[in-house]
Every structure is written in structure tokens, then in C-alpha cells.
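Take a look at the structure below.
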Amino acid sequence: MKSSRIPGFYKMAVEERRELLQNMEWISDDETEYLFSKEPLQVETADKMIENVIGTFPLPLGLGLNFLINEKEYVVPMAIEEPSVVASASHIAKIVRDAGGFSTEATERDMIGQIQVVGCSDYRAAKQVLLDAKETLIKEANAAYPSIVARGGGAKDIDVRILNEEADSLYNQMLVFHLYINTCDAMGANIINTMAESLAPTIEELTGGKVYLRILSNYADRCLAKARCVIPPKLLATGDFTGEEVRDGVIHAYEFAASDPYRAVTHNKGIMNGIDPVVIATGNDWRAVEAGAHAYAVRHGQYSSMTTWKADENGNLVGELELPMSIGTVGGAIRVHPISQMAHKLLDIHSAQELSQVIVAVGLAQNLGALKALVTDGIQKGHMALHSRSVAIAAGATGEMIDIIAERLRDEKEIRVGKAKELVEEYKK
Ligand code: MEV
């Protein structure tokens, strides 16, 4: 049966993991072939994706396990170079799973196209003319990209603002026109930019001004996804720390990030540690997601925590994460990158709304993983445990030997391959 709970996955050899995924029907024979292939992204394909190509740049692809989101099982492909991230997300996903799983939701996927108009003789009059022409402008925008309308999306609404009405220079007074476009399952950059560009001549004609920028906004605050988890403290107990101590530590850590931008940046970096790898593995534009997420974190005026952590009336730890999620499940690199196609299959995702909900659930898990470590043993202990295992494996340790050698390396405070090789030899004797 398809389950994201796979005990001992981390101890298996890579090939065993692939075989298991196939046996569990997470991936098919074809997809396994991509994984085994020496060059999953062929240089010929890469050469069609960007310019001046000289090769490809592989990243480790791991699986976030144990994710139960809205009662559905997910194994989550994560492309990332940083150790501990995948282990930490999976560890927290297990805890949340035991607490009933993540609950998530997403808004409609209304993206924003911006048009900048300058040089109007009367900005208020120009604004009114555009507002009065709303239906015509929406129709004209949709005519520029009929296929998205056929899919049930398209331009739906507009908004007009005057910036710097009390202008102190000719340059800073402007009118900003927003076109709200439902891009369905596409991230939608091409749809939005095409529509924005197509409206420019009409907007110049209506306002008597001059249009400069015609571009999407990555601050997709009408395309939000939200994840929530409620964890009884007993599931948080670790080592010598009670669940209540961990819960309180996490809430104190959150309050720190909520009040101090210096901490909030690092706290949020930890959240993006979970989000970016999924965005990358699914062939999406992680710079767009990063930019939107950080802007959303400053929406109340001060840069702050993306997540919230509180205790409810029963003493449970309640975490929430809401972010703009300008990602897609069709188009762009997804169509051409074989690994990203496989990532979508592995996730068994049926819409961009669904993918965006998985992404915020991983971000929330990643944040709790970091905070739980930080308020208990500190993050180095976990890092060192994982690092010592990799060193043991690099020195030739296999099976049960790995954990024994790794522990010796940590005990003897000498985590290096040379030392590990000596221990492997000793063990074999
Ligand atoms: C490291 O990549 C991420 C953390 O610094 C996040 C945090 O401090 O919350 C551990």
C-alpha cells in the first residue's frame, strides 16, 4: 500500500530505496529509469532551456517522508545540498502524522499583472477612466490569451492606484494598474506578461499617459496557501526534555522571531530550507517564491516570522504558515525536465493548489524541526550525528557497522574519514 511512512528508509542503500518506491508503486519502471540514468537532464535538453549551456548542475534529491496532509499520504521530493534538512522535515512530519497530520487550504490562484503609467495630466481622472473601462480591459486582456480562458481562468478583475500623489519630482508620480488573472494550474508568468503587454496601448490611449513597465508581480498575495498542525506536548518530548518544555521553547523561539528581524531572517531561512527544495524539485521558480514569501513576512510593517506558534486551551502546540505560492503544475521547466516530471508523479499532485499546500506543510515542518533542535540540544548534535554517519559510509562501513562506527567517531570527537577507516578495519578484525 502507498504510505509515506517507511521506517528504516534512511538506512537503505540508494538502489534499495528506488526499488522499494517502485514496489510500493510510488514510481513506475520508466521513472525509475530516469533516476538510474547517468544524465537525467540531458545536456541537449538543458541547451534548449537556457543560454550559453556548458553542462548541468546536479543536486542531491531526497525524499521527505511521513507527510500526511489533509489525510493524504505524500512522499515529498526535495532537491537540496544542505545536510539534515530532509531528515528534520521527515522527523517532524512523523510527529505531526501521529497527531493527525497537517491540515491545509489554498485560495483561488489569482495572480497580478502590473502596468505603470506616468505623465498623466490628471491622475485622478485617468484612474477613473480606467476603472470605468474595467469590463472592456478584462475582455481585451482575455482576448490576448484565449487558451487560459478556455481552461476556466483568465483576467477577472482590475485595480488602479495613484502612487506619490503629492509628487516631489516628475519621476515618482505614477498610476499603477493591476490586472488580476486566474492562471489555473500554471505559475502563469507568460500569461500575465502577455496580457499586461497587450493592454498597454489601450491604457495609454485612455489615460493620455505613457506606459513603462508591464510585468507580473511576484507578490502573489491573492494566491495563498496555508498549513496548520496541532501537536499534543507528549509527542514533542525528547531526551531529557518534557513535551511541555519543548512546546514552551518553540513558542518563545517564535516570539523572538516575531519581534526581531535579525532572528526572523534566520527563522524564515529555516522555513525556506523546506520550501525551496520542493519548489526546485517540481521545476518551479524558487526565486519567485522566495521573493513573495519575504514580502509577505513584512506585510504588517516589520519583517517578522512567517510562521506562528501558540498553545491552545488544551496545551497543544499549534503552528501555522501562510504564504503566497506562485508555483505551477504545468508549463515552464516542468514540461521539459524529466526529474521534475517524476517529482510530480511521486507527489501524485492533481493541481497547483494541491502542490502549494504540500509546500507550505513542508515549510511548517522544517521550521518546527529547526526550533525543536534549537530549544533542546542545539542543532549541532543532530548535524554531527548525520555527518558522522556519512563519514562512516565514506570509509566503507556498511549495515549495522555504520551506526557503531559513527558513534565511536562522535565519542572520540574525531569525525574524519581517516579515523573512520581505522575503525572499520578494527571492526572487521
Ligand atoms: C539552518 O540552515 C537553518 C536554521 O538556522 C534555522 C533557524 O535558526 O531557525 C537552523
Side-chain angles (χ1 to χ4, degrees), residues 10 59-65 67 76-96 102 227-229 231 236 238-239 241 243 245-281 286-287 289-298 302-311 317-323 359-390 410 415:
Y10 74 102
L59 275 176
L61 179 71
L63 283 188
L65 295 180
F67 278 90
V76 185
M78 300 174 77
I80 184 167
E81 85 298 343
E82 185 174 330
S84 304
V85 167
V86 174
S88 173
S90 306
H91 167 66
I92 298 299
K94 163 80 174 54
I95 293 176
V96 175
F102 293 93
R228 185 170 197 268
C229 60
I231 310 174
L236 294 167
T238 180
F241 298 87
E245 277 175 316
V246 177
R247 176 199 63 201
D248 292 346
V250 168
I251 298 172
H252 281 297
Y254 153 68
E255 293 292 349
F256 183 6
S259 314
D260 176 26
Y262 287 91
R263 173 56 204 155
V265 170
T266 322
H267 176 101
N268 292 342
K269 188 272 181 185
I271 295 169
M272 302 316 286
N273 271 351
I275 288 181
D276 288 341
V278 191
V279 176
I280 293 170
W286 74 95
R287 287 87 55 210
V289 172
E290 278 276 349
H294 292 287
Y296 202 62
V298 75
Q302 178 183 299
Y303 188 82
S304 182
S305 168
M306 291 173 184
T307 49
T308 58
W309 292 100
K310 309 250 149 102
L317 178 66
V318 182
E320 285 186 355
L321 173 61
E322 180 181 69
L323 287 177
I359 294 172
V360 283
V362 179
L364 187 59
Q366 204 71 56
N367 182 223
L368 182 57
L371 298 187
K372 180 168 174 274
L374 287 168
V375 303
T376 56
D377 296 320
I379 55 162
Q380 284 311 98
K381 190 176 171 195
H383 280 182
M384 284 307 148
L386 288 173
H387 179 54
S388 58
R389 288 188 93 253
S390 331
R410 292 198 298 278
I415 308 179

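Each ligand, and each atom within it, is numbered from 1 in the order the structure gives. A quick note: this is a predicted structure, and the numbers were derived from the prediction, not measured.
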- Query: Do Glu322 and Tyr296 touch side chain to side chain, with heavy atoms closer than 4.5 Å?
  - Reply: yes

- Query: Is there a side-chain contact between Leu368 and Ile231, using heavy atoms and a 4.5 Å cut-off?
  - Reply: yes

- State, yes or no, whether a side-chain contact exists between Asn367 and Leu321 at a heavy-atom distance under 4.5 Å. no

- Query: For residues 79-95, which residue pairs qualify under salt bridge (Lys or Arg N to Asp or Glu O under 4.0 Å), counting only residues two or more places apart or in two chains?
  - Reply: Glu82-Lys269, Lys94-Asp98

Ignoring hydrogens and angles, write down the donor-acceptor pairs under 3.5 Å from the side chains of residues 381-388, residues two or more places apart or on other chains.
from: His383; atom 1: ND1; to: Gln380; atom 2: OE1; distance (Å): 3.4
from: His383; atom 1: NE2; to: Ser84; atom 2: OG; distance (Å): 3.3
from: Ser388; atom 1: OG; to: Met384; atom 2: O; distance (Å): 3.0
from: Ser388; atom 1: OG; to: Ala385; atom 2: O; distance (Å): 2.8
from: Ser388; atom 1: OG; to: Arg410; atom 2: NH1; distance (Å): 2.7

- Item | side-chain hydrogen bond (donor to acceptor under 3.5 Å, both in side chains) contacts touching residues 248-264 (sequence neighbours left out) | none

Give one line per pair: atom of ligand 1, protein atom, distance. Only N/O to N/O under 3.5 Å.
from: ligand 1; atom 1: 2 (O); to: Glu82; atom 2: OE2; distance (Å): 2.7
from: ligand 1; atom 1: 2 (O); to: Lys269; atom 2: NZ; distance (Å): 2.7
from: ligand 1; atom 1: 2 (O); to: Asn273; atom 2: ND2; distance (Å): 2.9
from: ligand 1; atom 1: 8 (O); to: Arg263; atom 2: NH1; distance (Å): 2.9
from: ligand 1; atom 1: 8 (O); to: Arg263; atom 2: NH2; distance (Å): 3.3
from: ligand 1; atom 1: 9 (O); to: Arg263; atom 2: NH2; distance (Å): 2.7

